[in-house]
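Below, each value reflects all heavy atoms present in this structure, side chains not excepted, and no hydrogens, waters or symmetry copies. Chain letters run A, B, ... following the sequence lines, proteins first, then strands; residues in each count from 1. This structure is a prediction, so every number in the text was calculated from the model and none was measured.
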Amino acid sequence: MVRVRYAPSPTGTLHIGGARTALFNYLFARHMGGKFVLRVEDTDQSRKIPGSEEAMMRGLKSVGALWDEGPDTDGAPYGPYRVSERLHRHRQAADMLLAEGHAYRCFCTPEELEEERRGRQAQGLPPRYSGRCRSLSAEEVKIRADQRSVVRLKVPLEGETVVHDIIRGEVRFENRIFDDFVIMKPDYTPVYNFAVAIDDHDMAITHVIRGEEHLPNTPKQLFVMDALGFAVPQFAHLPMILAPDRSKLSKRHGATSVEEYRDQGIILPALANYLLLLGWSSPDGQELLTLEEAVAQFSLKRVQHTAAIYDQKKLEWMSHQYMTRLSVSEIAEMARPFINYALKPQPEFEAVVDVSRERAFTLVQLAQQMRFFYEAPESYEAKGVAKHFGEGAAQRLELLAEHLAALPEWNHDSLVGAYDALSESLGVKRAALIHPTRLALTGRTVGPGLFEIVELLGRELVVERLRTAQTRIQQGNVPTFA
RNA sequence: GACCCCAUGGUCUAGAGGCCUAGGACAUCACCCUUUCAAGGUGGUAACCCGGGUUCGAAUCCCGGUGGGGUCACCA
């Protein structure tokens, strides 16, 4: 049974890199008919940010990376799923290693270590721990028992360690480049590289799928597993996601968390779809695919080796694709939180969403573009006023208002007919009527098809707005905006 | 600096020795459609980092260089 895990540390919100990693774990687990575990890596309690665990879970859910076992799943067999709650296991393992001589207590102070490091660097040597406490006698350790100490793992002095990576093949490390690293801090709590190895083993993790930044640390975890006699899981190190300037993603690059994209109004399933394509591609080149489709096709063998740079433009394009392909009711529900004005029973919300969504890339844009349906324009686009509210416009708007007020039927076809008839009798092009109307009704020069707008807005509002615009023009008092 | 990973258009990628005059998508440019803006349609510009090998033949294999990224904590 395949078991994979995503193990975020609760120090903030879900990053898109983390979201992608979680997604790949999810996809792999589902594809293999295995389990996806969420483990909260709160080893260092001091770095924990309140509410972050919940934020992580929200983020994961919103991109569809749903876990089978985690801190919130009742009765899951491999709990607890918070590392901080597994302390007894880590201590037990450390005790064992100490007893068997695979690890030892180190009494060196941080100051001594710092001095040692400086000395080595002065000689041009890598800053590694010398291992000087490795050979302390049992008696001496006993004598100094009440002194502050850490536990270090005895790392093999010679040979090499090979990481078998599904994506990259065999990655070799000379053992002598590693020093005896700390596995337990002075308060006898574990250090990350120690805890992960134990937790992955205890949770029966078969495949460790994580970011490439973990690759150089993998040998350390292998040393721990070896010392403890654990079977080694398979590894797959995913390429990183970089900012457009090829540097590591950070706040200064704009949005980097799932939460921020949600606030921008990016359609979340589109974000998941986009993330999916960062480092993985469907065998047949399909780009728009649901998570279910991706599950069916997913393979770690098709994961790219190269770091990917995320592209906001393509993300937005993807969001637009979902905007127009999802059902109206789905989009309407997603859009609701972004409506920052009062809705009215008429025009009907879903109908408005439907005519508006085609030109919106995000839900924020959609909400903005729908506004005029519920609020009459208070000012008009300057550029449009210059073009369409000039000579004869007031008169045309008045005629339009008259005709529309008297129109027997109110639907798309009858409206088109009315505009055709009027433009013909006036001897002007239909566009000469359409543009001023759009400006009068919406305040803008761009938007949905005019007849859709008119039909939806309804006779009363249309006539009213036409007359308002007409009056403003006649009074030479047309408020504008740039 | 040491160690590790990586290298196809601006970006995401296809490509597992001949199917490649290097394919697709985003972006970009032009045109078409058109009541505006989008969307859509058609077409265009644009890439195998460099140098050596191996081979009849290399984007694909090997070596070196260069470049980019990552890791070197009593953080995760």
Most 5' of Arg302(A) and Tyr274(A) on RNA chain B, judged by nearest nucleotide:
Tyr274(A)
Give me the ring orientation class for Tyr261(A) and Tyr310(A): parallel if the planes are under 30° apart, tilted from 30 to 60°, perpendicular past 60°.
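The rings of Tyr261(A) and Tyr310(A) stand perpendicular, inter-plane angle above 60°.
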Could you state the [atom1]-[atom2] distance from [X] to [N], rounded to the nearest angstrom?
{"X": "Tyr310(A)", "N": "rG10(B)", "atom1": "OH", "atom2": "C1'", "value": "15 Å"}
{"X": "Ile309(A)", "N": "rC6(B)", "atom1": "CD1", "atom2": "P", "value": "17 Å"}
{"X": "Tyr322(A)", "N": "rA39(B)", "atom1": "OH", "atom2": "C1'", "value": "18 Å"}
{"X": "Tyr129(A)", "N": "rA2(B)", "atom1": "OH", "atom2": "P", "value": "25 Å"}
{"X": "Asn273(A)", "N": "rU13(B)", "atom1": "CG", "atom2": "P", "value": "14 Å"}
{"X": "Leu276(A)", "N": "rC26(B)", "atom1": "CG", "atom2": "C1'", "value": "16 Å"}
{"X": "Glu287(A)", "N": "rA14(B)", "atom1": "CD", "atom2": "P", "value": "11 Å"}

Test: Glu424(A) and Arg430(A) ion pair at under 4.0 Å:
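No, Glu424(A) and Arg430(A) are not salt-bridged.
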Tell me what Gln304(A) touches on the nucleic acid: a base, only sugar-phosphate, or nothing, going by heavy atoms under 4.0 Å.
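It contacts sugar-phosphate atoms only.
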Any base atoms under 4.0 Å from Gly279(A), or only sugar-phosphate, or nothing? Heavy atoms, all strands.
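Sugar-phosphate, no base atom in range.
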Output all residues satisfying salt bridge (Lys or Arg N to Asp or Glu O under 4.0 Å) with Glu114(A), sequence neighbours left out; order by chain, then residue number.
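Testing Glu114(A) for salt bridge (Lys or Arg N to Asp or Glu O under 4.0 Å), a comparison that skips the adjacent residues, returns Arg117(A), Arg118(A).
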Tell me whether the count of non-hydrogen atoms from other residues, nucleotides or ligands lying under 6.0 Å of CD in Gln395(A) goes above 12.
no
Counting only heavy atoms from other residues, nucleotides and ligands, does the tally under 6.0 Å from CZ of Arg176(A) exceed 12?
no
So, OP1 or OP2 of rA7(B): does either fall under 4.0 Å of a side-chain N or O from Arg168(A)?
no
Provide the Watson-Crick or G-U wobble partner of [N], both distances under 3.5 Å; none if there is no partner.
{"N": "rU36(B)", "value": "none"}
{"N": "rC49(B)", "value": "rG65(B)"}
{"N": "rU21(B)", "value": "none"}
{"N": "rA30(B)", "value": "rU42(B)"}
{"N": "rA14(B)", "value": "none"}
{"N": "rA59(B)", "value": "none"}
{"N": "rA76(B)", "value": "none"}

Return a single string for nucleotides 68-76 of chain B, one symbol per nucleotide in 5' to 3' order, where B is base contact, S is sugar-phosphate-only contact and - is none, cutoff 4.0 angstrom on heavy atoms.
SSBS--BBB
Options rU13(B), rU11(B), rC12(B), nucleotide nearest the side-chain atoms of Lys314(A):
rC12(B)
Glu381(A) (side chain) donor-acceptor with Thr480(A) (main chain) under 3.5 angstrom
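It does not hold such a pair.
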Do the two ring centres, one from Phe298(A) and one from Trp280(A), sit under 6.0 Å apart?
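Yes, the ring centres sit under 6.0 Å apart.
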Pairwise distance CG(Leu157(A)) to CG(Asp180(A)) - rounded to 0.5 angstrom:
7.5 Å
Restricting both atoms to N or O, compile the protein contacts to nucleotides 34-38 of chain B shorter than 3.5 Å, with distance only.
{"residue": "rU35(B)", "atom": "O2'", "partner": "His435(A)", "partner atom": "NE2", "Å": "3.4"}
{"residue": "rU35(B)", "atom": "O2", "partner": "Arg438(A)", "partner atom": "NH2", "Å": "2.8"}
{"residue": "rU35(B)", "atom": "N3", "partner": "Leu450(A)", "partner atom": "N", "Å": "3.4"}
{"residue": "rU36(B)", "atom": "O2'", "partner": "Thr445(A)", "partner atom": "O", "Å": "3.0"}
{"residue": "rU36(B)", "atom": "O2", "partner": "Thr445(A)", "partner atom": "O", "Å": "3.2"}
{"residue": "rU36(B)", "atom": "O2", "partner": "Gly447(A)", "partner atom": "N", "Å": "2.9"}
{"residue": "rU36(B)", "atom": "O2", "partner": "Gly447(A)", "partner atom": "O", "Å": "3.4"}
{"residue": "rU36(B)", "atom": "N3", "partner": "Arg438(A)", "partner atom": "NH2", "Å": "3.2"}
{"residue": "rU36(B)", "atom": "N3", "partner": "Gly447(A)", "partner atom": "O", "Å": "2.6"}
{"residue": "rU36(B)", "atom": "O4", "partner": "Gly447(A)", "partner atom": "O", "Å": "3.4"}
{"residue": "rU36(B)", "atom": "O4", "partner": "Gly449(A)", "partner atom": "N", "Å": "3.3"}
{"residue": "rC37(B)", "atom": "O2", "partner": "Arg359(A)", "partner atom": "NH1", "Å": "3.0"}
{"residue": "rC37(B)", "atom": "N3", "partner": "Arg359(A)", "partner atom": "NH1", "Å": "2.5"}
{"residue": "rA38(B)", "atom": "N1", "partner": "Glu358(A)", "partner atom": "OE2", "Å": "3.1"}
{"residue": "rA38(B)", "atom": "N3", "partner": "Glu358(A)", "partner atom": "OE2", "Å": "3.4"}

Has Arg20(A) got its NZ or CZ under 6.0 Å from the middle of the six-membered ring of Phe24(A), at an angle within 45 degrees of the ring axis?
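Satisfied, under 6.0 Å and within 45°.
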